[in-house]
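Some notes on the structure that comes next.
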Amino acid sequence: MTYDRAFFAADPVTVARALLGAVLEVGDAAGGTLAGRIVEVEAYGGADDPASHAAPGRTPRSAIMYGPPGVAYVYFVYGMHHCLNFVTCPDGSAGAVLVRALEPLRGRAAMAARRGLDPAAPDRLLGGGPGRLCRSLGIDLSWNGLPVAARLRRPVDAAGRLRLLADAGSPPRIVASPRIGVRRGAEARWRFCDADSRCLSAPASPPDAAQPGASRRVVRSD
DNA sequence: ATATGGATGCAA
DNA sequence: TGCATCCATATT
């Protein structure tokens, strides 16, 4: 699998599923390398997807989702967390894949340190959740727009901070479920998990939606 | 269950 | 400008 621009030019659901199992590598400030295996992702569409940041159309924030594929879209949410996405779809149409969980592979100790956790902390606390993994990897708004396409000869970012490598192991067992934390567009089952990972932000197959009339709020077990 | 707390987009 | 909302997490 080559994570080039053509790969990211596909629709977000296709890209999301194909990204499961890929290894995300980032260079940290100290020159070291942190890496993790992608085990949970969510697909977000364009103006037709009410859950997407692109739903209101082209705005200052969503513009990057309408731009060329294969770059990072990083946003800040709830006043404290960063989330990492990859832009999909051809230039001109909007789409993105949110990275929701990683299994730490390299630089585990550095990740724990960055999060202020004990080195013995479980992998879940390092990579299980979009905010957690960004904090562990040191990803913030300054990463917004960085290219991730593996084939770019001359990355815009001189440090080449974002790299995607093919997974060496066997392909993951993929389970689809509704996206987490979304109210509008909750019907779409556009969350994809490696069902055998123990680093997920929530169970791969959450209990089915409540009876009619029950609260629509998702209860997050952990 | 609840506190946390910045950015975004839209109404006013 | 004000305000509801938001792709979350740690703590009670």
Side-chain angles (χ1 to χ4, degrees), chain A residues 11-13 15-17 19-20 24 36 38-67 71-89 94-102 104 111-118 120-145 148 176-193 199-204 206 209-210 214-222:
Chain A
D11 71 277
V13 168
V15 175
R17 300 184 62 108
L19 278 175
L20 281 182
L24 176 64
I38 297 173
V39 294
E40 178 181 345
V41 291
E42 282 175 357
Y44 288 87
D48 52 336
D49 176 9
S52 173
H53 285 172
R58 207 177 195 122
T59 67
R61 177 170 68 169
S62 69
I64 192 167
M65 289 182 65
Y66 285 86
V71 302
Y73 163 40
V74 179
Y75 64 85
F76 189 61
V77 74
Y78 295 129
M80 52 194 106
H81 302 296
H82 296 280
C83 294
L84 171 68
N85 300 254
F86 299 137
V87 174
T88 72
C89 297
V97 174
L98 170 67
V99 183
R100 285 197 56 93
L102 292 176
M111 295 184 202
R114 212 191 280 277
R115 290 226 39 208
L117 295 172
D118 188 274
D123 286 351
R124 266 204 77 256
L125 293 183
L126 302 182
R132 284 168 174 164
L133 72 90
C134 280
R135 181 145 173 231
S136 294
L137 298 179
I139 293 173
D140 60 24
L141 287 180
S142 71
W143 294 61
N144 194 40
V148 292
S177 56
R179 294 172 291 184
I180 289 183
V182 311
R183 303 172 61 103
R184 300 168 176 170
E187 329 78 38
R189 300 171 67 87
W190 282 0
R191 170 179 179 244
F192 304 100
C193 295
C199 272
L200 303 179
S201 66
S215 166
R216 201 143 298 200
R217 196 146 276 179
V218 176
V219 176
R220 238 175 287 202
S221 66
D222 239 278

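Within every chain, numbering begins at 1; the chains are lettered A, B, ... in the order of the sequence lines, protein sequences first and strands thereafter. Every heavy atom of this structure was used, including side-chain atoms; hydrogens, water molecules and symmetry mates were not.
- Regarding A:Leu98, its CG atom lies at a distance of 10 Å from the P atom of C:dC7, rounded to whole Å.
- Taking the side chain of A:Arg61 as heavy atoms from C-beta on, and the options C:dA8, C:dT9, B:dT8, the nearest nucleotide is B:dT8.
- Following rounding to the nearest Å, A:Leu125 (CG) and C:dA8 (P) show an atom-to-atom distance of 17 Å.
- An OP1 or OP2 oxygen of C:dC7 is reached within less than 4.0 angstrom by no side-chain nitrogen or oxygen of A:Arg191.
- Side-chain N/O atoms of A:His53 include one lying less than 4.0 angstrom from OP1 or OP2 on C:dC7.
- Judged by distance alone, the side chain of A:Arg135 and the main-chain N or O of A:Gly131 form no donor-acceptor pair under 3.5 Å.
- Note: CZ (A:Phe192) to C1' (C:dC7) measures 15 Å, nearest angstrom.
- The separation between A:Arg58 atom CZ and B:dT8 atom P is 17 Å, rounded to whole Å.
- Here the nucleotide nearest the side chain of A:Met80, chosen from B:dC10, C:dC7, B:dT4, is B:dT4.
- Taking atom CG of A:Leu200 as the reference point, atom C1' of C:dA8 lies 16 Å away to the nearest angstrom.
- Atoms CD1 (A:Ile64) and C1' (B:dT8) sit 16 Å apart, rounded to a whole Å.
- Note: CD (A:Glu40) to P (C:dA8) measures 10 Å, nearest angstrom.
- Of the candidates C:dC6, B:dC10, C:dT9, C:dC6 carries the atom nearest the A:Tyr78 side chain, counting heavy atoms from C-beta on.
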task = Let me see the working for A:Arg115 and A:Ser136 under side-chain hydrogen bond (donor to acceptor under 3.5 Å, both in side chains), right down to the final yes or no.
result = CA-CA 6 Å; A:Arg115 290 226 39 208; A:Ser136 294; 4.5 Å; no
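- Side-chain nitrogen and oxygen atoms of A:Arg183 include none within less than 4.0 Å of the OP1 or OP2 phosphate oxygen of C:dC7.
- If you measure from atom CD1 of A:Ile180 to atom P of C:dC6, you get 16 Å, rounded to the nearest angstrom.
- When both distances must be under 3.5 Å, the Watson-Crick or G-U wobble mate of C:dC7 does not exist.
- Ring planes of A:Tyr73 and A:His53: perpendicular class, angle over 60° (limits at 30 and 60°).
- Counting heavy atoms from C-beta on, the side chains of A:Cys83 and A:Glu42 never come closer than 4.5 Å.
- The side chain of A:Arg115 contributes an N or O atom lying less than 4.0 Å from OP1 or OP2 of C:dA10.
- When distances are taken from the side chain of A:Thr59 to each of C:dC7, C:dA8, B:dG9, the shortest belongs to B:dG9.
- Side chain of A:Pro60, nearest nucleotide from C:dA8, B:dG9, C:dA10: B:dG9.
- When the nearest nucleotides of DNA chain C are assigned to A:Gly131 and A:Arg184 by heavy-atom distance, the more 5′-ward of the two goes with A:Arg184.
- Where A:Leu117 and A:Phe76 meet DNA chain C, the nucleotide closest to each residue was compared, and A:Phe76 sits on the side nearer the 5' end.
- In terms of modelled atom types and a separation under 3.5 Å, the side chain of A:Ser62 and the main chain of A:Gly57 share a donor-acceptor contact.
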